[in-house]
**Q** 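The structure follows.
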Protein chains: 2
Amino acid sequence: MSAKPFSSVWTRARKGGREQGLSRDQIVRAAVELLDAEGLDALSMRKLGARLGAGATSLYWHVANKDELIELVMDEVYSGVVVPEAAGWREAASVFAYAMRQAVFDHPWSASLIGVVPALGPNALTASDRLMGAFVRAGFEGIDVDYAMTAVVSYTLGATIPEVAFISSLKASGTSMTELQAAVDPIMTKLASDRPNLLERYQSYAQQDFDPLVARRLAFEFGLMALLDGLGTRLRGVSG
Amino acid sequence: MSAKPFSSVWTRARKGGREQGLSRDQIVRAAVELLDAEGLDALSMRKLGARLGAGATSLYWHVANKDELIELVMDEVYSGVVVPEAAGWREAASVFAYAMRQAVFDHPWSASLIGVVPALGPNALTASDRLMGAFVRAGFEGIDVDYAMTAVVSYTLGATIPEVAFISSLKASGTSMTELQAAVDPIMTKLASDRPNLLERYQSYAQQDFDPLVARRLAFEFGLMALLDGLGTRLRGVSG
DNA sequence: ACACTACTCGCACACTGTTCGAGGTGACCT
DNA sequence: AGGTCACCTCGAACAGTGTGCGAGTAGTGT
């Protein structure tokens with residue numbers, strides 16, 4: 001059992017340095033560039049070092065290990081989700097949801113990391129704080145503040161992760177949407193034969209040509225609005 | 001650009017074989033055991049081969065590569081989520097949500113895979129079909145069937161993934177909840193100083209001793225009910 | 001007896017994260 | 001000016017990874 005104590009970049013004190021040559025921020029920036037350009041699998045310490053004109057092992061002075069680097073890089077993703085400071089709770093939640101969604105779209109590699117890596121960085125915390133503030137001001141009370149906020153975050157993550165993972169796996173494999181359909185078609189008609197609901201809907205899609213990307217966006221909107229409505233009744237139920 | 005065509009285990013025809021020695025199902029079963037016992041990082045082809053008393057490369061006859069193995073193993077997770085065949089839409093959605101949540105709890109390694117790996121296996125499709133049937137019977141019409149269903153799935157994933165990832169990272173690091181608090185405390189009081197909402201809530205938690213695991217479950221229930229309520233109004237808005 | 005298919009597997013390759021220890025380089029103190 | 005020390009870089013090495021290749025084996029059909 002090699003259980004090491006819990007640790008996160010954000011729980012360790014940062015080294016005060018002379019700020020010359022490599023720097024942590026520079027490394028993180030380069031890592032994001034590399035990730036955006038070539039994806040998660042392409043991020044290796046050697047490649048990252050090379051991109052910075054440095055040896056791979058030099059990075060280990062500025063960053064404890066790759067996991068910490070990834071935590072840092074993830075907070076860079078959260079920097080893209082800005083929540084307005086003084087807005088109604090519905091607007092704050094909406095803006096958050098769409099900003100989060102966009103941030104993951106902008107950095108597709110983050111889809112497989114986003115719920116899994118601890119989000120204790122400054123940007124993640126700022127976003128949380130803003131969102132929470134909106135719910136508090138709206139009149140949610142006690143633990144309901146957390147519950148309502150968690151619900152919005154959960155929905156947003158759960159909707160975004162598969163969506164981004166899907167389209168970026170398509171992009172990575174260079175498969176067009178029609179090619180995909182050709183690949184999926186046989187297994188659908190075969191496997192779905194005793195799954196009547198799935199089969200019917202699948203066939204109805206194949207007929208009409210409704211851009212699936214647009215459909216996804218509408219689905220996101222639909223679910224988000226439904227959730228916010230549900231939260232709204234809970235708010236009114238308490239305050240009057 | 002090494003773009004390989006899109007492929008999934010489920011899109012390839014299965015080899016018909018003599019069914020002796022190793023078999024695909026046997027491999028998948030052993031992989032699940034290994035994953036449950038030692039986690040995602042511990043799954044390597046060599047280890048898995050050893051566990052089966054076989055050479056590592058023998059596995060490649062039955063499975064194209066590790067990615068495909070993981071798709072297979074993921075469908076094994078979906079086997080745990082059974083949706084009742086003839087139930088009201090709210091009950092079907094609830095049962096699905098809790099079953100899904102439980103399945104991921106039972107196989108914590110799946111948290112980092114679940115939205116990312118294509119879910120085209122038989123078990124995943126059966127669950128989808130059952131859930132979809134419930135929404136159709138309830139009276140959702142046209143594209144709303146998908147939207148409503150997607151919303152429930154999204155919320156469930158988004159709530160479950162971070163929760164399971166969190167507690168299983170705690171378990172892996174052997175850190176107790178109080179130790180964690182000791183680690184997080186300094187960064188909270190420091191970083192949260194200009195994040196007033198976060199700080200206040202954090203402190204109010206630290207005082208009362210409310211089991212965080214129970215809180216999470218209640219949060220899951222809260223958000224799910226809110227979402228279902230919101231979907232319900234959309235249903236009534238159409239049919240009556 | 002022959003052929004053929006279904007399978008197993010050792011070797012090898014290119015790659016990974018990370019440790020260690022030897023070096024360099026500049027800032028500060030005496 | 002010389003010395004000391006913290007800060008920083010990096011090559012070598014280790015233990016591991018996924019997987020292609022080609023040789024080898026075993027069981028079935030004719």
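Protein chains get the first letters and strands the later ones, always in sequence-line order, with residue 1 at the start of each. For clarity, every value in this text was computed on a predicted model and none was experimentally measured.
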**Q** Have a look at L43(B) and say if it touches a base, only the backbone sugar-phosphate, or nothing, with a 4.0 Å heavy-atom cut-off.
**A** sugar-phosphate
**Q** Rounded to the nearest Å, what distance is computed from the CG atom of residue N65(B) to the P atom of nucleotide dT19(D)?
**A**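 Atom CG in N65(B) sits about 5 Å away from atom P in dT19(D).
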**Q** Quickly work out the Y60(B) OH to dT19(D) C1' distance and round it to whole Å.
**A** 5 Å
**Q** Hey, what's the ring geometry for F220(A) with Y155(A), parallel, tilted or perpendicular (30° and 60° as the breaks)?
**A** parallel
**Q** What is the distance, rounded to the nearest whole Å, between atom CG of L59(B) and atom P of dT8(C)?
**A** 9 Å
**Q** Nearest-Å distance, CG (L69(A)) to P (dG17(C))?
**A**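 Between P of dG17(C) and CG of L69(A): 10 Å.
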**Q** Take the protein atom CE of M45(A) and the nucleotide atom P of dG16(D), then report the distance between them rounded to whole Å.
**A** 20 Å
**Q** For dT16(C) and S44(A) - does any side-chain N or O of the residue sit under 4.0 Å from the phosphate oxygens OP1/OP2?
**A** yes
**Q** For a quick check, tell me whether the side chain of R46(B) and the base of dG18(D) share a donor-acceptor pair closer than 3.5 Å.
**A**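 Side chain to base: pair found, below 3.5 Å.
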**Q** Please report the distance, rounded to the nearest Å, between NZ in K66(B) and C1' in dT19(D).
**A** 12 Å
**Q** Closest nucleotide of DNA chain C for D41(A) versus for T57(A): which of these residues is on the 5' side?
**A** D41(A)
**Q** For dA6(C) and H62(B) - does any side-chain N or O of the residue sit under 4.0 Å from the phosphate oxygens OP1/OP2?
**A**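 H62(B) to dA6(C) OP1/OP2: no side-chain N or O under 4.0 Å.
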**Q** Could you tell me whether A56(B) contacts a base, only the sugar-phosphate backbone, or nothing, with contacts defined as non-hydrogen atoms closer than 4.0 Å?
**A** nothing
**Q** Under 4.0 Å from OP1 or OP2 of dC7(C): is there any side-chain N or O of W61(B) that close?
**A** yes
**Q** Flag this pair as yes if the NZ/CZ of R130(A) is under 6.0 angstrom from the six-membered ring centre of F96(A) and inside a 45 degree cone about the axis; otherwise no.
**A**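 No; the conditions do not both hold, so R130(A) does not lie above the ring face of F96(A).
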**Q** Please confirm whether R195(A) makes a cation-pi placement over Y202(A), using NZ or CZ under 6.0 Å from the six-membered ring centre and within 45° of the ring normal.
**A**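 No - R195(A) does not lie over the ring of Y202(A) by the 6.0 Å and 45° rule.
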**Q** Tell me the interatomic distance from R24(B), atom CZ, to dA6(C), atom P, rounded to whole angstroms.
**A**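 Between P of dA6(C) and CZ of R24(B): 15 Å.
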**Q** How long is the line joining CD of Q26(B) and P of dC7(C), in whole Å?
**A** 13 Å
**Q** Quick one about D41(B) and W109(B) (side-chain donor to acceptor, distance below 3.5 Å, no hydrogens or angles considered), yes or no?
**A** no
**Q** Does the D129(A) side chain pair with the main chain of N197(B), one donor and one acceptor, at a distance under 3.5 Å?
**A**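 It does hold such a pair.
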